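Shown next, in structure tokens, is the structure this report addresses.
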Protein chains: 2
Amino acid sequence: MVVVTAMRIGELAERAGTSVKTIRYYDRIGVLRPAERSESGYRLYGEDALDRYRFVRAAQAVGLRLGEIREIIALRDQGETPCGFVVDLIGRRAAELDTRIVELAALRDELRSLDRRARRLDPRRCHPRLVCHVIDGGA
Amino acid sequence: MVVVTAMRIGELAERAGTSVKTIRYYDRIGVLRPAERSESGYRLYGEDALDRYRFVRAAQAVGLRLGEIREIIALRDQGETPCGFVVDLIGRRAAELDTRIVELAALRDELRSLDRRARRLDPRRCHPRLVCHVIDGGA
DNA sequence: CTAAAGCCTCCCCTGTAGGGGAGAGTCAAG
DNA sequence: CTTGACTCTCCCCTACAGGGGAGGCTTTAG
């Protein structure tokens, strides 16, 4: 109730360098709730909203999803330190990334190999009953 | 019209090892159309449908999307050889993958670095006005 | 006082590859 | 003839992070 400097959503969005839609969305999913509402229902934010917003962006930048960020913030708002949770999360995410990178590298290698093979094949011979022997010729 | 061995959708799905829904979907988006329809509207497929299906799966397996696969098939059905198109496609896809892999590796490295930093930080000191100094402390 | 700008909620849209289910017609066996 | 399995079309749903716009208040500047 004692909001010293109350920003409305437009000002927050502009100072944060984002869109009003995004701020509203963050409210809806619970990662950035307004300090209060005006009598007419307008969202009112304090200065800390900017820090919160930057945290959300920083967390997104390291690959966390908004649902996970909401959990971190919920822990913090319950007075707990989310550090343990965060460490688990980024450890797991790093491991998932490793797996994903290996998969993508394998896929890329297969594409390169298809590419080399395709260049050796004679296009004029490319006319069996199959669609394209570059792709399913190797099966 | 002269369909020697006419399969209905259930049989094709079973022999292909997939679902009826998938075959119907492939028809709708144009990657696997039935040879004809029965009087009552049932989809009827020839033996070649199995080859087509396998081609679609092989193409998906190397990372092509159904929209792209449809283009390849359309070329083939227009009597052209899709080889050139396919070679371009897989070349571009491989390049995209390279970029993506580099991005993901950078992200993973950043996560690992956050992880190491988090383990050095004292959780009891984790209580500023920010949510989590593991994440936004480095900004 | 009035017009413009800002804000509200609500609803649909994006892309990918289908999945789930409703309601209705069809086909084979008993 | 009937029952059960099969098929048809049509419509909504999924994840993700919002974007676009309608229709209706509120606030602010002139």
Side-chain angles (χ1 to χ4, degrees), chain A residues 3 6-45 49 52-53 55-73 89 93 96-97 100 103-104 107, chain B residues 3 6-45 49 52-53 55-73 89 93 96 100 104 107:
Chain A
V3 176
M7 265 182 291
R8 289 192 310 197
I9 197 170
E11 186 183 347
L12 174 59
E14 193 171 359
R15 288 177 60 188
T18 187
S19 72
V20 167
K21 277 282 187 185
T22 297
I23 303 290
R24 254 189 224 120
Y25 180 62
Y26 284 4
D27 178 15
R28 190 153 65 82
I29 66 173
V31 296
L32 183 54
R33 299 211 186 274
E36 61 174 341
R37 293 274 187 150
S38 76
E39 283 185 13
S40 52
Y42 286 16
R43 292 171 179 83
L44 298 178
Y45 297 88
R52 274 286 173 101
Y53 175 78
F55 171 75
V56 173
R57 286 299 178 176
Q60 277 190 301
V62 296
L64 301 190
R65 277 161 293 193
L66 290 174
E68 296 162 340
I69 298 170
R70 180 189 41 201
E71 293 188 71
I72 298 171
I73 290 177
L89 200 51
R93 187 58 32 88
E96 287 167 19
L97 276 178
R100 185 95 185 103
E103 287 170 4
L104 291 185
L107 192 51
Chain B
V3 176
M7 267 182 290
R8 290 191 309 196
I9 196 170
E11 185 183 348
L12 174 58
E14 192 171 359
R15 289 177 60 186
T18 186
S19 72
V20 167
K21 277 283 187 185
T22 297
I23 303 291
R24 254 188 223 120
Y25 180 62
Y26 284 5
D27 179 14
R28 191 154 64 83
I29 66 173
V31 296
L32 183 54
R33 301 212 185 274
E36 62 174 338
R37 294 273 188 150
S38 78
E39 283 185 14
S40 52
Y42 286 14
R43 290 171 181 83
L44 298 178
Y45 296 89
R52 274 286 172 102
Y53 176 79
F55 170 75
V56 173
R57 285 299 178 176
Q60 276 190 302
V62 296
L64 301 191
R65 277 163 291 196
L66 290 173
E68 296 162 340
I69 298 170
R70 180 190 40 202
E71 294 187 71
I72 297 171
I73 290 177
L89 200 52
R93 187 58 31 89
E96 287 166 21
R100 186 96 184 102
L104 291 185
L107 192 52

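Since the structure is predicted, the reported quantities are computational estimates derived from the model, not experimental observations. Note on naming: letters A, B, ... go to the chains in the order of the sequence lines (proteins, then strands), and numbering restarts at 1 for each one.
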Give the C-alpha distance, both sets of side-chain angles, the deciding distance and a yes or no for salt bridge (Lys or Arg N to Asp or Glu O under 4.0 Å) between A:R100 and A:E96. CA-CA 6 Å; A:R100 185 95 185 103; A:E96 287 167 19; over 6 Å; no
Rounded to the nearest Å, what distance is computed from the [atom1] atom of residue [X] to the [atom2] atom of nucleotide [N]?
{"X": "B:I9", "N": "C:dT26", "atom1": "CD1", "atom2": "P", "value": "17 Å"}
{"X": "A:L66", "N": "D:dA15", "atom1": "CG", "atom2": "P", "value": "14 Å"}
{"X": "B:L12", "N": "D:dC6", "atom1": "CG", "atom2": "P", "value": "15 Å"}
{"X": "A:I29", "N": "D:dA17", "atom1": "CD1", "atom2": "P", "value": "7 Å"}
{"X": "B:Y25", "N": "C:dT16", "atom1": "OH", "atom2": "C1'", "value": "6 Å"}
{"X": "B:Y45", "N": "D:dC8", "atom1": "OH", "atom2": "C1'", "value": "12 Å"}
{"X": "A:R70", "N": "D:dG18", "atom1": "CZ", "atom2": "P", "value": "14 Å"}
{"X": "B:Q60", "N": "C:dA17", "atom1": "CD", "atom2": "P", "value": "6 Å"}

What's the verdict on side chain to side chain contact (heavy atoms under 4.5 Å, CB included) for B:L66 and B:Y26, showing C-alpha distance, side-chain angles and the deciding distance? CA-CA 9 Å; B:L66 290 173; B:Y26 284 5; 3.8 Å; yes
Reading nucleotides 21-30 of chain D from 5' to 3' and marking B where a protein heavy atom lies under 4.0 Å of the base, S where only the sugar-phosphate is that close, and - otherwise, the string is B----BS---
Using modelled atom types only, decide if a donor and an acceptor are shared between the side chain of A:R8 and the backbone of A:L44 within a distance under 3.5 Å. no
I'd like to know if the side chain of B:R37 and the backbone of B:Y42 have a donor-acceptor N/O pair within less than 3.5 Å. no
5′-ward residue of the pair A:V20/B:G67 relative to DNA chain C: A:V20
Taking atom CD of A:E11 as the centre, does the number of heavy atoms from other residues, nucleotides or ligands within less than 6.0 Å exceed 12? yes
Side-chain contact test, heavy atoms from C-beta onward, threshold under 4.5 Å: evaluate it for B:R43 versus B:L12 and give yes or no. no
Verify the contact: side-chain N or O of [X] to OP1 or OP2 of [N], cut-off strictly under 4.0 Å; return yes or no.
{"X": "B:Y26", "N": "C:dG18", "result": "yes"}
{"X": "A:R43", "N": "C:dT9", "result": "yes"}
{"X": "A:R28", "N": "D:dC16", "result": "no"}
{"X": "A:T22", "N": "D:dG19", "result": "yes"}

Considering all heavy atoms of both residues, which atom of A:V20 and which atom of A:G10 are nearest to each other, and what is their separation? CG2-CA, 4.0 Å
